[in-house]
Amino acid sequence: MALLEVEDLHVHFHTDDGIVRAVDGVSYTVDKGQAFGIVGESGSGKSVSSLAVMGLARFSSNAHVTGRVTFNCIDLLGATDDEMRQLRGSEMALIFQDPLSSLHPFYRIGDQLVEAITAHRDVPKAVAKNRAAEMLELVGIPEPRKRMEGYPHEFSGGMRQRVMIAMALINDPKLIIADEPTTALDVTVQAQILDLLTRLQKEFDAAVIMITHDLGVVAQITDQIAVMYAGRIVEHASTEELFARPEHPYTWGLLGSIPRLDQPSDQELVPIPGRPPSLINRPSGCSFHPRCFYAQDECAALDPGLNEARPNARHEVACLLPTSVRAEVRSRLDVGDVPDDIVAGVDLTVDPSLGHRPEPQAEEVV
Amino acid sequence: MGTGATPLVEIRDLVKRFPITAGLRNREVGAVHAVDGVSFDVMQGETIGLVGESGCGKSTTARLILRLLEPTSGSIRFDGHEIADMDAPSLAPFRRQMQMIFQDPYSSLNPRKTVGAIIGEPFEIHRLAATEADRKGRVQDLMDLVGLNPEHYNRYPHEFSGGQRQRIGVARAIAVKPRLLVADEPVSALDVSIQAQIINLLSDLKRELGLTLVFIAHDLSVVRHVCDRIAVMYLGKIMEIAESDDLVEGPRHPYSSALLSAIPVPDPVLARTRTRQVLVGDVPSPTNPPSGCRFHTRCAHARDVAVSQGGEVIEGELGGVPELCSNDIPPLEEIDGQADHTCACWFPLTREASAGLEITG
Amino acid sequence: MVVSLIVISFLTFVIFYTLPAADPALLRAGKQPTPELVASIKESLGLDKPWYVQYGTYMKDLVLHFDFGYSYQNNISVREQVFSRLPATITLALGGALVWLLVGIPVGIISALKRGRWQDRMAMGTALVAISAPVFFLGLVVLYLFSDNLGKLPFVSIFPGQGSYPVSGTIFSDPVGVISALILPCFVLAASFAAIYARFVRANLVETMSEDYIRTARAKGLPERTVVFKHGVRSAITPVVTLLGLDLGVLLSGAILTETVFNIPGVGRLAYDAVQKSDMPTVQGTVLLGAFFIILMNLIVDIVYGFVDPRVRR
């Protein structure tokens, strides 16, 4: 059952330099209790899209959010500020990247947790305190009563992130959005936090949206993955399907860019050339075409739609190359061929029916 | 790395303490034991990686090798010369032979200087270019070598992306043809796709210029890809040194094993099936490091050993550990008679019991 | 703290000794000074001794007897003189601080929250004017508009003006007289400070509102009012403690311009007169008092900061 439905979400920021199209037509669905991964590099729109879902983009005066977001049958973009406020922190919660800057430096941990309860429930302070201590215990903080009196700077990085998780789960939310929750942490602490998140997600039967740049993290804990590039989803599949049969050249690029411990170290990395595009002057057609080894002329002219890669595979990809061609390229990449040889050896004729002429971008009135 | 290789850098019992002062008269109330008795060699032409988590002393070690910091005690020999206690004038000729690449490509470049001036600066400092034209030519050659457009000679750092700035940092570092290059987390601030560009650049340069590279990073998979040998550090000490593949396939120190198993692999099937050892607790404070083996407070293996062996056991928060682990510092010793695999553990893991990964493909 | 005070006393002593605007003995000797008279005055004041002996005597009296010496001008004890002037200065400084805090902080908060809108533009425009207007100019304008003796406006020209400060009154003995006399000076003094504080608070709050912990507070679903005041303003006004401490320290040693324009018998006025007349002991006394207040306020700031920011607590 769909818990969160995002349809054609756009988040545009009006700046002095022009309109930044941070999120440009994103659609996805998260089911109840599902772990959904959004993968992308900086500037891909992965964080902005989730802030918009939480209604936090409303606080940026220059942000314009359009599209449809339905959560638990509630229209989030149409909801009033107060309705959104009541949902935030109770029905849906956020965990951020940097737990030190995300906790208020002047208030005791206990007070910050209690506040999260009393914002939504009319309970006596003692009850809220008990709940806070219970949650701290649950996330593995020893002597919770004592630690509640402490301030954020007295906690280690891992402990702070545990506090953030306790805070997010304290009102038993249906959806947790975790934005790079382990990026600022050491590897062994990251492992602890990922284990904790997975365990609590099952215990609380909550859906999780895991936003990260780390393919290893999503491989470990998610069921579904959307890969974002320049404000759009370029590939979307179940986790196993995505890693077994990646379809988009950008996903290949990402997988080829990371050194892997389970493969020989003399396996050359194949970086993606160039750098992510400006979100103000996006490349025409497929945004990835300037960096794509396999791009053809049509790629600069046609917007690729998000199409099923194979019938009934529940694997969507936004690329003009036909599935058979991509399968051939992938099989050659798997045996270690370099892109240049593949380009020379494979017939890379695109299928224009997989894309459409871009609609002229009407200049928005500021 | 052949066995006949000669060491370029020899480090013995290197110690660095940062005093903690308090009160009006700055009385010393304690010290951060950042590096606490580290010994290893960097062979001519090899790439050695230092890995470990924050606070393990890897960056301090790097800065000590370059003598950007004054060691508290110990010996650093560079090309046979003792540089640990050398004064600034005597160090000058060595400075040219060792260069550093920094983590943050944004803050390590002077925003008011052009790229040409930044890369050309070492020529000026070490008086290596005769004329302005000579300098410009050499800088542009360097820019070409690291994959920057030489026409961008007169641009400023802010006009470049993060990856390109890191290329500028690399060009500056190799400008004076150093023999030793120390890279401190050179790719951790970069996006995944850009990381690979810089890693490949470093590998190419290493091959072309015959550089000796000390590569510091927290990401074991990156280190393993770049390095011939890896030293795993924890709380100021080296826990294990081995050849890269050897370490990944069969880490013998319980900490290396835990570190390895904590790294998420981008393979959902493997992620579900492989052995995972999640460490409990946090890294202890380097101001008051645990006695004996630094790792014994978090070591699950030591607890297993204590249970299976009986004998003298010291009770701790997480259970008992053998007396040896909590009282005596284990020496960094050869393991299974392998000269190139040393490990500082009283009860090293067997290859089978470790969280080693099978390397396929 | 003691060391700083000694250094300051030494520096002022040396500066005034080596750069005498006028020979104090000559000033005292009356209209027709004879060399003998000047010499005897010099001897009685100890001015004939080398400067280090003079300094030594001065410090000895200061430390052992808390004696700042006697005014060259009128032979009154500097200690008495300074302490009799202190109440007026303290009342003015604290009154002014109250006004500028009550005006500056709310204006800063409103400006930050309405950033870029007309409320913000108007407040910041006014602030710029207030910062640019010098006290001696603003004071005269205010006197001309609102004082009961000079002011010409109907209904509003009712405030006591220049020289209305009760000569021997304090806020305790003559509250009505003191307060009414200080209304205009306090506002004049507070004008530029209020503007500076408003801009400071605005800048801090704008920055604070983009902090991660504000996002966390919103993500928790706290009402926006709580987010702004409990989480935002609390952080944004904390640095005001530092600013206020330093400003008060300076003002407690005399709001020279305000006191002069409104003819208030405060320490600032005293210092101003003493400098004009090369009254070395009085100058030295007011400078030391000023230094003492600045150092004291710094100490208080450090202590107060420990209370408001748990990160600096030990």
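With chain B as partner, the option from E268(A), Q190(A), R260(A) having the largest number of non-hydrogen pairs under 4.5 angstrom is R260(A). Chain A forms the most heavy-atom pairs under 4.5 Å with one residue out of Q277(B), Q197(B), R224(B), and that residue is R224(B). Of all the listed residues (G336(A), G274(A), G256(A), P276(A)), the one sharing the greatest number of non-hydrogen pairs under 4.5 Å with chain B is G274(A). Contact tally against chain A (heavy-atom pairs below 4.5 Å) for A258(B), G281(B), S54(B): the top residue is S54(B).
A salt bridge (charged side-chain N to carboxylate O under 4.0 Å, His left out) with R229(B) holds for exactly one of E46(B), E243(B), E240(B); it is E46(B).
Atom CZ of R351(B) is surrounded by more than 12 heavy atoms from other residues, nucleotides or ligands within 6.0 Å. Within 6.0 Å of CD on E151(B) lie no more than 12 heavy atoms contributed by other residues, nucleotides or ligands.
Within the 4.5 angstrom heavy-atom criterion, only side-chain atoms of V278(B), from C-beta onward, approach chain A. Both the backbone and the side chain of A262(B) come within contact range of chain A, judged by heavy atoms closer than 4.5 Å. Both the backbone and the side chain of V192(B) have a heavy atom closer than 4.5 Å to some heavy atom of chain A. At a 4.5 Å heavy-atom cutoff, V226(B) makes no contact with chain A through either its backbone or its side chain. With a 4.5 Å cut-off on non-hydrogen atoms, L270(B) touches chain A through its side chain but not through its backbone. Interface residue L259(B): backbone and side-chain heavy atoms are both found under 4.5 Å from chain A. Only the side chain of D245(B) comes within less than 4.5 Å of a heavy atom in chain A; its backbone stays farther off. Contact annotation for R274(B): neither backbone nor side-chain heavy atoms come within less than 4.5 Å of a heavy atom of chain A. With a 4.5 angstrom heavy-atom cutoff, S161(B) touches chain A via backbone and side-chain atoms both. Both the backbone and the side chain of D191(B) come within contact range of chain A, each with at least one heavy atom under 4.5 Å from a heavy atom of that chain.
Cation-pi geometry between R291(A) and Y250(A) is not met at under 6.0 angstrom from the ring centre and within 45 degrees of the axis.
Using cut-offs of 30° and 60° on the angle between ring planes, the pair H248(A) and F288(A) is tilted. Relative ring orientation between H153(A) and Y151(A) is described as parallel, the plane-to-plane angle staying below 30° on a 0-90° scale split at 30° and 60°.
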**Request:** List the steps, then state whether salt bridge (charged side-chain N to carboxylate O under 4.0 Å, His left out) holds for E41(A) with K46(A).
**Result:** CA-CA 8 Å; E41(A) 298 178 273; K46(A) 59 189 194 300; over 6 Å; no
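Here the CD1-OG1 distance, from I225(A) to T239(A), works out to 4.0 Å after rounding to the nearest 0.5 Å.
For the 3.5 Å distance criterion, the side chains of R162(A) and Q192(A) qualify, holding a donor opposite an acceptor.
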